[in-house]
Amino acid sequence: MSVHPLSDLIRFTRRNSPFYAELYADLPPDVRHLTDLPVVEQSAFWAANTPGDNRVLTAPLGEAVVYKTGGTTGAPKFSCYTREEWRDFVTAFGGGLVEAGLRPGHRVADLFYAGELYASFLFVLDSLAHAPVDNVRLPIGGGAPLETTVPTLEDLGAQVVAGTPTTLCRLAEHLIATGRQLPAVEMLFFGGEALFSDQRRLLAAAFPNAEPRSLGYASVDAGLLGCPVPGPDPRVHRVFTPHTIVEILDETTGEPIHEPGRPGRVVVTQLFRRLMPVIRFPAGDRAEWTDVEAGHFRILGRAEEGVRVGPVSLYSQDALDAVAEADTDGRVTGTQLVVRRWDGRDGLVLRLATAPGDDDPTGLEPLAEAVTERLNTVRPLYPDSVAAGFVHPLTVEWARNSDLVVNTRSGKLVRVIDERPTA
């Protein structure tokens with residue numbers, strides 16, 4: 001594992017990445033502590049991290065793998081790894097799979113998605129291949145027809161099935177509808193989304209002997225984040241030391257949090273990545289320490305930078321841009337994303353505020369339709385997931401600014417509200 005000392009990584013990055021050189025331009029030449037560095041602003045990072053004229057990378061793309069991360073069709077986002085960095089990534093994550101419950105000889109079906117530059121299928125497959133225990137890998141994929149997936153799982157004696165909760169539940173629904181179960185499956189490795197209690201009941205009916213477990217916490221842009229911690233709460237993970245530094249920062253002051261039970265936003269620094277440096281990068285999630293000394297933390301959901309609705313990643317900026325383009329008359333005075341869960345599925349509600357007296361439904365209804373159409377256009381995975389029955393259709397909820405939720409300490413608008421139960 002090529003873990004670089006923090007001070008060396010900072011010097012290298014300042015010297016070779018125009019983006020970071022500009023970000024750190026006013027800092028002393030010899031910076032050794034993370035807290036002396038500013039937190040990266042995601043909008044500026046992705047504006048500089050483009051396929052052409054890239055200002056984030058520390059070298060031209062000559063040897064690398066390129067994946068797409070959570071962007072829009074209008075402004076796709078890409079994440080790059082050298083061969084060595086990717087090997088380090090999957091080797092560390094593969095070690096975490098053992099802590100998640102992977103045992104020698106386990107037959108593991110990979111039902112994550114592949115293609116179109118997405119990483120999850122290959123990432124899980126490579127992590128299994130680099131795990132420190134022997135295992136049998138079954139690269140089925142999430143797009144395979146359920147009618148063929150089930151016989152494959154049965155014929156090859158799959159003991160572990162890995163996928164997003166949405167995929168696992170879709171498989172479970174198919175099994176139940178056809179009057180079948182897969183009792184040979186011992187574990188369900190989930191990742192990419194939270195797992196809710198109603199989903200657990202569904203999975204238990206189809207996989208009566210299987211225990212759902214987090215396979216780990218990572219993303220293609222932020223990299224390694226958390227290794228599963230065995231126990232009753234699958235949201236608890238530990239930092240991938242020494243490869244990664246995880247900070248939990250106060251959402252108002254930005255100061256690092258050092259005590260357990262106090263929520264904040266997750267910021268990550270990767271000590272093994274130099275081609276596309278990730279230094280004090282917002283992971284897009286909220287968390288709280290459960291054991292500071294051991295590096296254990298509990299994931300609490302998405303932070304303001306983004307939100308996960310079923311299998312779909314959305315950024316608050318996507319919604320703001322959609323509203324700005326549709327609202328040519330400037331009637332919307334506040335925007336808030338609300339994620340709810342009912343009837344076993346997630347749904348996104350755009351809470352839009354208008355000025356007092358602006359209540360004419362004949363004018364607001366076309367605006368709501370225009371906003372919805374625009375957001376569905378730039379995030380086509382959302383309407384695709386609606387059509388597949390994974391999430392509820394996007395809806396608009398009209399409100400006043402006084403109805404919008406604000407931070408009780410700072411009075412600032414809370415951009416994303418996650419009202420889904422996680423217990």
Side-chain angles (χ1 to χ4, degrees), residues 3 6 9 32-42 89 92-93 95-101 190-197 212-219 221-273 278-308 339 407-410 412 414-423:
V3 175
L6 177 62
L9 177 64
R32 297 179 177 271
H33 304 289
L34 270 183
T35 51
D36 294 332
L37 303 174
V39 174
V40 167
E41 292 186 9
Q42 282 201 351
F89 191 5
F93 199 83
L97 293 178
V98 176
E99 299 193 40
F190 69 89
E193 310 172 49
L195 183 68
F196 297 91
S197 56
R213 296 188 182 180
S214 168
L215 56 74
Y217 177 33
S219 69
D221 49 359
L224 283 169
L225 287 160
C227 177
V229 174
D233 190 345
R235 298 173 296 172
V236 176
H237 295 74
R238 67 168 175 82
V239 180
F240 271 105
T241 305
H243 326 110
T244 300
I245 300 173
V246 169
E247 300 174 90
I248 299 178
L249 305 184
D250 184 278
E251 293 167 288
T252 300
T253 67
E255 294 298 316
I257 295 172
H258 298 295
E259 65 268 20
R262 182 179 161 196
R265 65 171 181 156
V266 178
V267 171
V268 63
T269 297
Q270 302 292 351
L271 299 177
F272 68 97
R273 295 181 68 179
V278 172
I279 302 175
R280 300 204 90 190
F281 182 87
D285 291 306
R286 299 174 69 249
E288 63 185 9
W289 295 113
T290 59
D291 186 332
V292 178
E293 186 174 346
H296 293 183
F297 59 93
R298 178 184 292 108
I299 304 169
L300 299 177
R302 300 296 288 173
E304 184 173 288
E305 285 86 359
V307 67
R308 190 87 170 189
V339 188
N407 185 293
T408 55
R409 287 186 293 167
S410 68
K412 294 180 180 179
V414 179
R415 186 66 64 186
V416 177
I417 302 169
D418 193 336
E419 295 182 349
R420 295 172 293 187
T422 57

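Count residues from 1 along the sequence. Source: prediction; values computed, not measured.
- If you take CG on Leu271 and CG on Leu9, they are separated by 6.5 Å, rounding to the nearest 0.5 Å.
- Across every non-hydrogen atom of Leu215 and Leu97, the tightest pair is O-CD2, 3.4 Å.
- Using a 4.5 Å heavy-atom threshold, the side chains of Ile257 and Phe297 count as separate.
- Side-chain contact between Leu224 and Val268 is absent, with no heavy-atom pair separated by less than 4.5 Å.
- Looking at every heavy atom in both residues, Arg32 comes nearest to Leu6 through O-CD2, 3.6 Å.
- The two residues Glu247 and Leu34 make their nearest non-hydrogen contact at OE2-CD1, 3.8 Å.
- Checked against salt bridge (Lys or Arg N to Asp or Glu O under 4.0 Å), Glu41 has no partners two or more places apart in sequence or in another chain.
- Within the 4.5 Å cutoff, no side-chain heavy atoms of Phe240 are placed close to those of Leu225.
- Shown here are the side-chain contact (heavy atoms from CB on, under 4.5 Å) partners of Val39, two or more places apart in sequence or in another chain: Leu249, Arg265, Val267, Arg280, Pro282.
- Looking at residues two or more places apart in sequence or on another chain, you find a side-chain contact (heavy atoms from CB on, under 4.5 Å) between Arg238 and Glu99, Cys227, Val229, His296.
- For Phe190, there are no ring-ring contact (aromatic ring centres under 6.0 Å, His included) partners two or more places apart in sequence or in a different chain.
- Evaluation of the salt bridge (Lys or Arg N to Asp or Glu O under 4.0 Å) rule for Arg298 yields Asp233, Glu288 as partners, not counting sequence neighbours.
- Residues meeting the salt bridge (Lys or Arg N to Asp or Glu O under 4.0 Å) test with Glu293, sequence neighbours left out: none.
- No side-chain heavy atom of Asp285 sits less than 4.5 Å from a side-chain heavy atom of Leu300.
- Within the 4.5 Å cutoff, side-chain heavy atoms of Ser214 are placed close to those of His237.
- In terms of heavy-atom proximity, Arg308 sits nearest to Val339 at O-CG1, 4.5 Å.
- The side-chain contact (heavy atoms from CB on, under 4.5 Å) check on Pro38 picks up Leu23, Tyr24, Leu27, with sequence neighbours excluded.
- Taking the side-chain contact (heavy atoms from CB on, under 4.5 Å) definition, one finds that His33 meets it with Thr35, Asp36, sequence neighbours left out.
- Residues satisfying the side-chain hydrogen bond (donor to acceptor under 3.5 Å, both in side chains) criterion with Ser219, sequence neighbours excluded, are Asp221.
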